[in-house]
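Scroll down for the structure; my scribbles are underneath it.
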Amino acid sequence: MRIRIVDAFTDRPFAGNPAGVLLLDAFWDDDRLQRVALEVNHAETAFAHRLPPGGEADWALRWFTPVTEVAMCGHATLATAHVLHSTGAHEGPVRFATRSGVLAATPEDDGSVTLDFPTAPLARVEAPAGAAEALGAEPRSVFDTGESVGDLLVEVADEETVRGLTPDHKALAAHSARGIIATARAADPARGYDYVSRCFFPNVGIDEDPVTGSAHTALAPFWSQRLGRANLTGLQVSPRSGRVRTELRGARTLLNGHAVTVIEGELLA
């Protein structure tokens with residue numbers, strides 16, 4: 001069984017967000033899937049298998065962190081589409097059957113892939129007691145991102161604040177189903193991005209996620225409303241960093257980025 005490590009939302013190796021990708025004949029039992037994801041030990045490992053022709057989707061897709069299965073993952077979907085296209089396992093747009101419905105991935109002429117995901121429903125909420133202390137910054141505004149994403153989106157003062165966050169990950173775990181998205185407007189949009197973010201997901205075993213596609217289904221409507229544009233570029237300022245180009249289309253959000261395969265090997269167990 002071939003296993004690949006793919007860096008997503010980057011056009012160079014050892015940046016972006018790494019994901020394990022395995023193409024199967026059928027899904028294994030959940031315990032084995034979880035054990036493989038723990039062994040890979042990246043934010044997510046994606047498992048996919050081909051579906052019979054003529055249905056609403058071409059491949060079935062599931063995502064596991066080292067400790068649990070998740071309902072939605074952007075970077076591992078991008079990584080899986082990259083593997084399908086780069087190996088010739090699938091040509092053209094691909095439709096994935098997932099826990100979040102059918103998600104499409106379309107290869108572009110520049111080598112990038114565009115994902116079609118549901119837009120997160122944002123609902124403004126009060127900052128939970130203790131959230132500012134856990135994050136290490138005072139929120140300007142706080143939004144719930146809905147069941148599929150499961151985060152609190154927290155706007156803070158500025159880009160410098162986002163870059164300098166040193167949160168208490170254990171304390172953050174009390175404030176949302178998955179974690180916290182911290183964001184601010186770009187200090188200098190001339191540098192090629194409109195907003196910055198960092199994502200902390202202690203409840204799924206990920207203290208800080210390098211680049212988070214699913215979070216951008218919430219960041220896109222949040223910043224599109226404030227900046228007055230449907231097309232934006234977000235920079236996730238984790239140590240690995242990566243860019244996500246977004247286009248808001250009402251109930252759907254397009255996420256665009258590159259991916260690079262960095263490791264290919266054989267799973268023996």
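Every heavy atom of this structure was used, including side-chain atoms; hydrogens, water molecules and symmetry mates were not. In this text, all values refer to a predicted model and were calculated from it rather than measured experimentally. In this chain, numbering begins with 1 at the start of the sequence shown.
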Query raised in the report: Is any side-chain N of the basic residue among Arg2 and Glu264 closer than 4.0 Å to the acidic one's carboxylate O?
Result: yes
Query raised in the report: Going by heavy atoms in the side chains, are Glu39 and Thr45 under 4.5 Å from each other?
Result: no
Output for pair (Phe143 CZ, Leu152 CG), nearest 0.5 Å, gives 11.5 Å
Is there a continuous path of hydrophobic side-chain contacts, each under 4.5 Å between heavy atoms, that joins Ile180 to Leu235?
yes
Polar side chain donor-acceptor pair, Trp223 to Thr183, under 3.5 angstrom: yes
Here the gap from Phe117 atom CZ to Thr253 atom OG1, rounded to the nearest 0.5 Å, amounts to 10.5 Å
*CG/Asp31: more than 12 non-hydrogen atoms of other groups inside 6.0 Å*: yes
Between the side chains of Thr106 and Thr114, does any donor sit under 3.5 Å from an acceptor? no
- Derivation and outcome, side chain to side chain contact (heavy atoms under 4.5 Å, CB included), residues Val36 and Phe64: CA-CA 9 Å; Val36 171; Phe64 286 76; over 6 Å; no
Would you call Pro118 and Thr217 a side-chain contact if the rule is heavy atoms closer than 4.5 Å? no
The reported gap from CZ in Arg252 to CG in Leu103 (rounded to nearest 0.5 angstrom) is 6.5 Å
### Leu22 vs Trp28, side chain to side chain contact (heavy atoms under 4.5 Å, CB included): CA-CA, chis, key distance, verdict
CA-CA 11 Å; Leu22 290 95; Trp28 303 322; 4.0 Å; yes
Checklist entry - Ignoring hydrogens and geometry, is there a side-chain-to-backbone donor-acceptor pair from Ser176 to Asp151 under 3.5 Å? => result no
Donor-acceptor check, side chain of Arg62 to backbone of Phe47, threshold 3.5 angstrom: yes or no?
no
Between the CG atom in Leu267 and the CE atom in Met1, the distance rounded to the nearest 0.5 Å is 7.5 Å
- Query: Do the rings of His216 and Tyr195 sit parallel, tilted or perpendicular, given the 30° and 60° boundaries?
  - Reply: tilted
Margin query: Is there a path of hydrophobic side-chain contacts, each under 4.5 Å between heavy atoms, that joins Val142 and Leu122?
Written below: no
When rounded to the nearest 0.5 Å, the distance separating CG of Leu38 from CG of Leu33 is 12.5 Å
* **Close side-chain approach of Arg185 to Leu227, heavy-atom, < 4.5 Å** => yes
Quiz prompt | Heavy-atom check, side chain of Leu115 versus side chain of Leu78, under 4.5 Å | solution = yes
Cluster question for you: counting only ILVMFWY and a side-chain heavy-atom cut-off of under 4.5 Å, with indirect links fine, are Leu23 and Val6 together? yes
- Taking atom CZ of Arg99 as the centre, report whether more than 12 heavy atoms of other residues, nucleotides or ligands fall under 6.0 Å from it. yes
Side chains of Asp188 and Glu159: closer than 4.5 Å at any heavy-atom pair?
-> no
Item to complete: Could you tell me whether a side-chain N or O of Thr65 sits under 3.5 Å from a main-chain N or O of Val204, the two making a donor and an acceptor?
Response: yes
| query | Can you tell me if CZ on Arg35 sees more than 12 non-hydrogen neighbours from other groups inside 6.0 Å? | reply | no
Looking only at heavy atoms, the pair that brings Trp59 and Arg50 closest together is CE3-N, 3.2 Å
Heavy-atom closest pair (Gln236 atom, Asp209 atom, distance to 0.1 Å) is NE2-O, 3.0 Å
- Message: With a 3.5 Å distance limit and no angle check, can you tell me whether Ser224 reaches the backbone of Arg229 through a side-chain donor-acceptor pair?
- Response: yes
**Report entry** Single-linkage hydrophobic cluster Val162~Val244, side-chain heavy atoms < 4.5 angstrom
**Finding:** no
Legend entry - Common cluster, Leu84/Ile3, ILVMFWY with side-chain heavy-atom separation under 4.5 Å: no
Margin query: Testing the 3.5 Å rule here: is there a donor-acceptor pair between the side chains of Thr98 and Trp63?
Written below: no
So for atom CD, which belongs to Glu108, do other residues, nucleotides or ligands contribute more than 12 heavy atoms lying within a distance under 6.0 Å? yes
Value for OG1 (Thr212) from CE (Met72), rounded to nearest 0.5 Å, stands at 12.5 Å
Query - Main-chain N/O of Gly257 paired to Arg243 side chain as donor or acceptor, under 3.5 Å - result: no
Using a 3.5 Å distance criterion without hydrogens, assess whether the side chain of Asn203 forms a donor-acceptor pair with backbone atoms of Ala173. yes
Think Arg12 forms a cation-pi with Phe14, using NZ or CZ under 6.0 Å from the six-ring centre and within 45 degrees of its axis? no
Heavy atoms of Arg95 and Glu56 approach each other most closely as NH1-O, 3.1 Å
Legend entry - Contact check, side chains of Leu165 and Val154, non-hydrogen atoms, under 4.5 Å: no
Smallest heavy-atom separation, His42 atom then Pro66 atom, equals O-CD, 3.2 Å
Here the pair of heavy atoms bringing Val156 nearest to Ala137 is CG1-CB, 4.0 Å
Please determine if Asp194 and Arg226 form a salt bridge, counting it only when a charged side-chain N lies under 4.0 Å from a carboxylate O. no
Query raised in the report: Under 4.5 Å between any side-chain heavy atoms of Val21 and Thr261, yes or no?
Result: no
### Under 3.5 Å donor-acceptor, His85 side chain and Gly92 backbone
yes
Handout entry: Geometric cation-pi criterion, Arg178 with Phe201: 6.0 Å, 45°
Key = yes
**Prompt:** Are the side chains of Tyr193 and Val237 in touch, meaning some heavy atoms are under 4.5 Å apart?
**Reply:** no
Nearest heavy-atom contact between Glu69 and Gln34 is N-OE1, 3.8 Å
Asn256-Ser112 side chain donor-acceptor pair, cut-off 3.5 Å: yes
